[in-house]
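In what follows, a single structure is set out as structure tokens and then discussed.
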Amino acid sequence: MKRKNWVRLDNASNIFLASMTDFDTKVFRLSATMEEAIDPILLQLALDKNFEAYPLYHSVLRRGVFWYYLEESDLKPQVLLDEQPPCSQLYHFDRKELLFRVVYYQNRIHLEVFHALSDGTGAMWFFEDLLSEYVLLQNDFISAETNKESSQSERAIEGAHTDSFIHHFRHKGQRTYAEAAQSSIRKLTGASKTAGKFALEYGKKAMRYEMTNQENKKKRKKVYQIKGKRTIDNRTHVVELNMSVQPVLKLAHEQNASLTIYLTALFIEAIQKTNPVVEDGMTIAVSVPVNLRKFYDSTSARNFFSTTHLEYTYEPSEETNLAVICKTLKEQLQQQLSPNSLETRLNKLIAYEFNPITRVIFRPVKDGILKVINYFNNRGLTFAMSNLGSVQLPQSIDDKVHQFYFQTSAVRPQFCVISHQDYLSICLNSPFVETTLYKQFVRDLTALGVPITISANRIDGLELRGEEE
Amino acid sequence: MRYCQECKVSVNGDWLNCPLCHQPLEKVSEIPTPNPYPDIPLRFNKQQVLRILTSISIATISISLIIELFFLNSTRGLNIISFGIVSMWLVVLIIIRKRRNIAKSIVYLIISLSLLSIYWDYVEGWSAWSTTHAVPMICIFALIAMYIAVRLVKVEVEDYILYLLCAALIGLIPAVFLFFDWVTNPLPAWLSIGLSTVMLIVNFIFYRAEVLRELKKRMMV
Ligand SMILES: [Zn+2]
């Protein structure tokens, strides 16, 4: 009998399991549009090939007494037609199933990943290589059809192959299951025990610092919570916005802000406009994840991000406009991305990871504690945004892939941003039926002169039967 | 392609009203652009239905209990009925909740049914039928059931071995009943002990490595 490799699930991923619910599945989706309708057979071939190179994606999740653990499995992924609502549940207790799926519809390929397995950046590597593989197979297929007459196309394919090869090995250190599945923190710290102890000391200091810091700004803030009616079958409500990058970037630069800050500020304004109660001294708080690989030299495909907390309080006495909000958010973000602040966060993560006390707590108890932490985290947030940035593809496939999309399951309204070449896509996700907030956000953008095309999923029985009022 | 004059957006798909503001859309070109989000029929939420059914029956039981206690002043007949209902739901819930792991659900069943029968025996004025017959019988049949089930459904060794071990260990508990003389007839207890011992020995001989590896994996600190 073949022995299965297994590895303990890292602390960063545990929170996703504890906070997973029927409507917040903790699944995110990366999509790409291709030139033509997707060929499921080629996509399956591409997936099979790519799957071999990514041992982490062979994992199934299982429950132990103290920890969840990832176990290597013999399951093979199957390409599916998009027949479930976006970001449908991937992990069910006691069921052995892969923690990702590849689906297709029309000319789109989607990769859905359970967040306990990887974060957006990690999953993007897998996705890019899957797309490369698909394009290569398509080229091979086309050249086979034309009987390989043109030597020029052959050379192009050869070039593409080497490109893909380099691409594969860009993420070195992920060739074996044990290494690929290792927590990013452990990888970073070298996983030695001394490093752990050392980190723990640092972590304690960091936490003490954090505590005093929090006490200092203990002004009772009322964080605004967006309420609404849940969709009937808990599906995520998606409105996808497609636009050109340049006009939006220009608008952002006019406010002296980054795209992330600018869009966040616009969303805050939209919330304030649709909910006038916000005006009398309410705080709008947003969480923005930051990819830690940018700051620490790490090639881990596991979760490796930190969240920053930005907020803006509407004071009835002060005048507010977009510029003021942008400026406030920018200062907060800069402060939280300072080397000092980042180190504090990282040390905290390390301290949790190596903490001997959390290790011996039974898993259900741990889950309970994390659920409580998650509940209070949620109470302190109005919405969330996530920006995966601009996707850079290897040259050979850059023209073949048109646009990227990124979205996640939502416990509250939120939006996800991603761009490729001159295409910018913003996916508005929410667990609610109402579209008032979406409408405001979109109208604010179009009023600034940005042409937008939208797509949306149908969420209620009436819409699905085509009986719109 | 359609267009919303109010929101100033183009809309993909065959929407007649704007997905944002629900105003009628204007047709700007005859060429339809497909919606990248397929129409997915509503899902019937089984879990929710089950939850509702469960709460209704629990509410019904408690209401009838209250009526019986305060207005009819007799609890004897109701005890049996409510125990029956409770054990039935217990079985259903365990099987539904643990349906993906047969061995685990059998262990849960052994424990809950045994405790329930002991409690029932106690409430009815202790005639030791639970320790004499019920618990040993539950253990014996559960072990047999598990052995058959894992073979019928083809469960991997590592997935059931620890639960089989658990069930076998529980099957040794009737020894305690014998020791304290809580039984009126020692035969069922001896049968349970015998079968469990055989299971334990077989496991020890054939699956020692698997047991140790599974234990290490699940108990890792
Ligand atoms: Zn509209």
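Chain A is the first sequence line, chain B the second, and so forth, proteins listed ahead of strands; every chain is numbered from 1. These numbers come from a predicted model, not from an experiment.
- In this structure, chain B has a heavy atom under 4.5 Å from the side chain of A:R62, while its backbone stays farther away.
- A:Y405 and A:R108 share a donor-acceptor pair across their side chains, judged by distance under 3.5 Å alone.
- Considering OH of B:Y160 and OH of B:Y147, their distance stands at 7.5 Å, rounded to 0.5 Å.
- No part of A:Q440 comes within reach of chain B, as not one of its non-hydrogen atoms sits under 4.5 angstrom from that chain.
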Yes or no on ring pair (Phe, Tyr, Trp, His ring centres under 6.0 Å) for A:F441 and A:F415, after CA distance, side-chain angles and deciding distance?
CA-CA 11 Å; A:F441 180 71; A:F415 68 101; 5.6 Å; yes

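- At a cut-off of 3.5 Å, with distance as the only test, a side-chain donor of A:D24 or A:S409 sits close to an acceptor on the other residue.
- Contact count versus chain B (heavy atoms, under 4.5 Å) is highest, among A:T231, A:T435, A:L81, for A:T435.
- Contact tally against chain B (heavy-atom pairs below 4.5 Å) for A:G64, A:A447, A:S455: the top residue is A:S455.
- Only the side chain of A:Y69 comes within contact range of chain B, with heavy atoms under 4.5 Å apart.
- Not a single donor-acceptor pair under 3.5 Å links the side chain of B:Y163 to the backbone N or O of B:S105.
- Between A:Q403 and A:N242, the side chains place a donor N or O and an acceptor N or O closer than 3.5 Å (distance only, hydrogens not considered).
- Between A:V7 and A:A181, the shortest heavy-atom contact is CG1-CB, 3.2 Å.
- Looking at A:V450, there are no atoms closer than 4.5 Å to chain B (heavy atoms on both sides), in backbone or side chain.
- In this structure, no portion of A:E434 lies under 4.5 Å from any heavy atom of chain B.
- No donor-acceptor distance shorter than 3.5 angstrom exists from the side chain of A:E97 to the backbone of A:V60, with no hydrogens or angles considered.
- Interface residue A:T453: backbone and side-chain heavy atoms are both found under 4.5 Å from chain B.
- Neither the backbone nor the side chain of A:P451 comes within contact range of chain B; no heavy atom of the residue lies under 4.5 Å from a heavy atom of that chain.
- With a threshold of 4.5 angstrom between heavy atoms, A:Q106 approaches chain B through side-chain atoms but not through N, CA, C or O.
- Between chain A and the residues B:C4, B:G13, B:P34, B:P24, the most heavy-atom pairs under 4.5 angstrom are made by B:P34.
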